[in-house]
Amino acid sequence: MHFRCAWLAIGVILLFARVASSYEVSAGYNYSCAIDDAGAHCWGFVGDGQTTVPAGLSNPIDISAGEYRTCAIDDSGASCWGYGVRPVPPGLTNPTAIAAGYSHQCVIDDNGVTCWGWNDLGQITVPAGIVNPREITAGYNHNCVIDDSGVVCWGDGGPGYWDPPPGLINPRHISAGRQHNCVIDDNGVVCWGIDTWGQVSVPPGLVNPKKVAAGHRHTCAIDDNGVTCWGDFPAVPVPSELVNPVAISAGWYHTCALGENGIACWGLDNYGQSTVPAELTYSLFSYVPSSGPPSQPSYHCESGTVPPTPPGVDGLVLVTHGWTPLGGDPTWPDTMAYEIGLRLSENGNANQWVVVACHWPSDSDGIAPHGAARRAEQLGERLGSYLVGQNYSRFHLIGHSAGSWLIEAAAEKLESIPGATIHTTFLDSYAPTVLAGPTAPALGDSSTWSEQYVDFFPLPDPNEAFWVDMTDHELPNAYNLNLTGLSSSANAGERHAWPHQWYLQTVMAPLSAATEGWGFIRSQEMGNLPNHTQYPRGETLQIGTQLRRASNLVATVYESILLIPELSSGVFCYVANGLCLQTSSPSWVVMNVDSDAPFNAILFDFEFVTQAEGWFSVEFDGSQLFVSDERHAPGGVNSKIVALDSEYPAGTHPLALRLDSYSAAQSEIRVTNVRFGLVESANDVPMLSQSWPLGLGLLVAGFVSLWYFGEAGSDESRSIRVRMSRSRGKYPGPTKSG
């Protein structure tokens with residue numbers, strides 16, 4: 001997505017024919033930037049200032065369009081602008097390349113690599129030992145460089161999208177996307193990471209590839225035949241007018257390339273990111289497709305209205321923000337609304353829903369969140385009254401912080417619609433406890449179903465940000481999902497934003513062990529509102545651990561198996577009722593399991609006995625079932641129940657355990673009490689199934705993880721045993737994958 005090199009830049013520094021060597025192009029989240037004879041230019045979304053190039057930028061040589069901010073290098077050094085920009089670290093000497101990610105930036109200078117910004121996932125902790133870095137690229141929350149040793153990556157370690165594959169030979173160009181990376185070496189184009197949309201599956205037939213660009217969920221490359229793109233990409237051709245492309249940059253849903261006759265951008269153009277401006281001083285053209293993913297509108301709801309219901313549409317998804325103490329108008333609701341619209345489009349039911357981002361910047365401003373909450377109530381009442389007069393009958397209202405009162409007040413009005421179903425999602429809702437006014441018990445009271453995703457992280461100094469303390473509560477009229485253990489940041493503001501960031505991740509990449517099957521998959525628009533009815537309001541589930549509850553399940557749980565590895569690598573040891581894996585490099589074991597009865601679930605206990613950075617994964621019959629990140633895993637013994645994609649017959653099946661470590665610190669995990677079970681649900685909530693075409697056969701840690709399994713009596717127990725077999729070839733061990 002964002003490629004930078006010390007002697008070129010973002011894959012778009014030009015050395016051909018009529019294209020000057022100082023020209024450059026960079027495609028970001030929903031905007032684009034370029035360098036020409038006159039300096040730097042940016043176009044597309046303007047809401048966070050990322051396209052407002054600062055005056056005084058002198059002779060820029062490198063530019064990087066990130067998510068909400070842009071960075072460049074000019075005669076004065078490195079500079080950044082846009083949303084949430086943090087100061088450039090002092091002491092940079094002769095910076096030559098810069099890369100902007102989601103919430104961090106990195107630069108190469110005479111001292112090596114320096115990064116700054118958010119570090120919740122280690123994205124600015126540059127590993128020791130990088131020698132003579134030549135190229136740097138920033139993905140969403142990770143980075144990669146090419147240095148004398150080859151490829152080095154760091155940052156967000158899961159699920160495996162920054163581990164360079166073995167066997168790279170003379171890597172000479174690299175690009176990081178959202179959750180995948182690609183490199184050009186002597187073998188051609190090599191990609192690794194999440195491949196849900198095919199962004200890692202390099203098509204055959206590339207001839208002498210010269211440049212590669214990894215984007216949000218797609219990848220493009222330049223070879224002797226021109227430009228080839230693959231993955232989740234708008235169904236539009238690469239512009240035929242592009243002559244001799246020499247550089248390319250992939251954004252979220254658009255791509256820009258530079259040829260000897262100028263810049264071409266194609267793909268989504270909802271913010272003008274694919275419309276190349278006319279003021280560029282070299283020859284150019286723009287290509288805007290006639291079709292592509294649907295753009296979702298954004299509205300200032302202070303008028304108390306949203307779009308009228310289109311013919312045949314009865315559903316409304318509304319996303320809104322909270323208090324804005326520093327003014328401004330946050331853009332994350334637009335991102336979430338767009339991603340929801342895209343997900344519904346992929347799922348085939350986009351024409352049943354209107355998805356909007358509701359902004360109220362004037363009312364959300366002020367010196368205290370309490371006033372914003374009161375104004376949000378008033379706005380919600382007006383909005384709800386307006387919606388009652390429309391033809392909507394299904395609602396999913398999503399509100400963050402003080403915006404919770406906007407959606408709650410609207411829901412109270414919507415109750416008057418006969419047969420309406422109202423789903424409210426509160427994201428770290430704000431409910432003051434020391435001032436008169438709206439309080440927590442009211443939230444969710446008017447909904448068919450309500451849930452809250454909340455961060456209970458204790459603040460180091462409550463007086464420093466007392467208003468965040470007023471978001472650390474359970475809602476008695478909502479089902480509460482505790483996300484506290486999934487973020488490592490100690491910054492109060494970042495923790496308060498974490499619930500809406502987490503929920504967005506479940507929209508874009510819901511198959512994650514960390515979500516436990518919650519998040520957007522449980523929304524009304526995904527068809528899963530009825531699945532909530534058996535969960536009482538007011539209860540709290542800590543995401544990342546198992547919720548045990550009574551259930552009308554017919555369950556036969558077979559006896560614990562004896563774990564005897566057939567194949568192994570690294571260090572493993574035996575413990576009571578199981579195995580341990582120890583590693584500062586990958587360790588794995590594989591065993592063949594024989595069952596004389598059918599089963600559809602696997603149960604096991606695991607415990608990290610260290611405090612390092614391990615990544616534990618379980619594979620069964622060639623499919624990855626479960627992953628756990630040691631940094632976020634709850635302490636002590638954790639019991640997991642994982643549903644299989646189907647009922648497996650009696651017979652022999654391979655079970656594999658693997659432990660990776662992302663630092664030099666040794667990690668150790670113990671896996672015990674491995675059991676299998678045959679489970680049938682009588683009157684309980686059905687297991688959620690994955691309905692969008694992600695090409696994955698298993699909902700990891702899905703709804704079955706919420707079931708409580710009682711041990712079967714001895715008369716119903718079946719035997720599961722390990723059968724030693726030497727007939728199979730060497731097993732390389734399970735790999736981390738998306």
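Keep in mind the model is a prediction, meaning the values are calculated, not measured.
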* To do: Under the side-chain contact (heavy atoms from CB on, under 4.5 Å) rule, what do H180 and W192 come out as? Steps first, then yes or no, please.
  => CA-CA 6 Å; H180 74 293; W192 67 96; over 6 Å; no
Nearest heavy-atom neighbours spanning [X] and [Y]:
X: R217; Y: Y253; value: NH2-OH, 3.2 Å
X: A65; Y: S26; value: N-OG, 2.9 Å
X: G251; Y: A27; value: N-CB, 3.5 Å
X: S568; Y: V589; value: CB-CG1, 3.9 Å
X: V246; Y: K211; value: O-CG, 3.5 Å
X: L242; Y: G259; value: CD1-N, 3.8 Å

A side-chain contact here means heavy atoms from C-beta on lying under 4.5 Å apart; do [X] and [Y] qualify?
X: P565; Y: L579; result: yes
X: R658; Y: E619; result: no
X: H218; Y: T255; result: yes
X: T114; Y: L92; result: yes
X: F572; Y: L659; result: no
X: W266; Y: C229; result: yes
X: M591; Y: I564; result: no
X: V227; Y: I248; result: yes

* Name the orientation class of the two ring planes belonging to W252 and H216 (parallel below 30°, tilted from 30 to 60°, perpendicular beyond 60°). =>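 The rings of W252 and H216 lie parallel, inter-plane angle below 30°.
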Who passes side-chain hydrogen bond (donor to acceptor under 3.5 Å, both in side chains) against [X], sequence neighbours left out?
X: T335; value: Y29, Y68
X: Q501; value: none
X: D224; value: N208, K210

Do you see a donor-acceptor pair shorter than 3.5 Å between the side chains of [X] and [Y]?
X: S79; Y: D74; result: no
X: T51; Y: H41; result: no
X: Y102; Y: R178; result: no

Any sub-3.5 Å donor-acceptor pair from [X]'s side-chain atoms to [Y]'s backbone N or O?
X: T137; Y: A176; result: yes
X: D147; Y: V131; result: yes
X: N181; Y: C191; result: no
X: S569; Y: W588; result: no
X: S667; Y: A612; result: no
X: Q105; Y: A99; result: no
X: W230; Y: Q199; result: yes
X: S32; Y: Q273; result: yes
X: S64; Y: C71; result: no

Tell me, please, which residues at least two apart from [X] pass side chain to side chain contact (heavy atoms under 4.5 Å, CB included).
X: S103; result: R69, W118, Q123, N141
X: P95; result: I73, V107, D109
X: N225; result: V207, D223
X: S201; result: D195

* List in chain and number order the residues that pass ring pair (Phe, Tyr, Trp, His ring centres under 6.0 Å) with F604, two or more places apart in sequence or in another chain; answer none if no residue qualifies. =>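 F626.
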* Supply the atom-to-atom distance L655 CG to L563 CG, rounded to the nearest 0.5 angstrom. =>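 The CG atom of L563 is 7.0 Å from CG of L655, to the nearest 0.5 Å.
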* **Residue pairs involving residues 111-140 (criterion disulfide (SG to SG under 2.5 Å); sequence neighbours excluded)** =>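 Listed by first then second residue: C106-C115.
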* Under the side-chain contact (heavy atoms from CB on, under 4.5 Å) rule, what do L504 and E339 come out as? Steps first, then yes or no, please. => CA-CA 8 Å; L504 176 62; E339 291 290 344; 3.9 Å; yes
* Could you walk me through whether Q50 and C42 pass side-chain contact (heavy atoms from CB on, under 4.5 Å), step by step? => CA-CA 8 Å; Q50 62 268 58; C42 295; over 6 Å; no
* Asked: Listed by chain and number, what are the salt bridge (Lys or Arg N to Asp or Glu O under 4.0 Å) partners of D186, not counting sequence neighbours?
  ->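 Per chain and number, D186 pairs via salt bridge (Lys or Arg N to Asp or Glu O under 4.0 Å) with R172.
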* So I174 and V151, side-chain contact (heavy atoms from CB on, under 4.5 Å) or not? Walk me through it. -> CA-CA 8 Å; I174 192 167; V151 174; 3.6 Å; yes
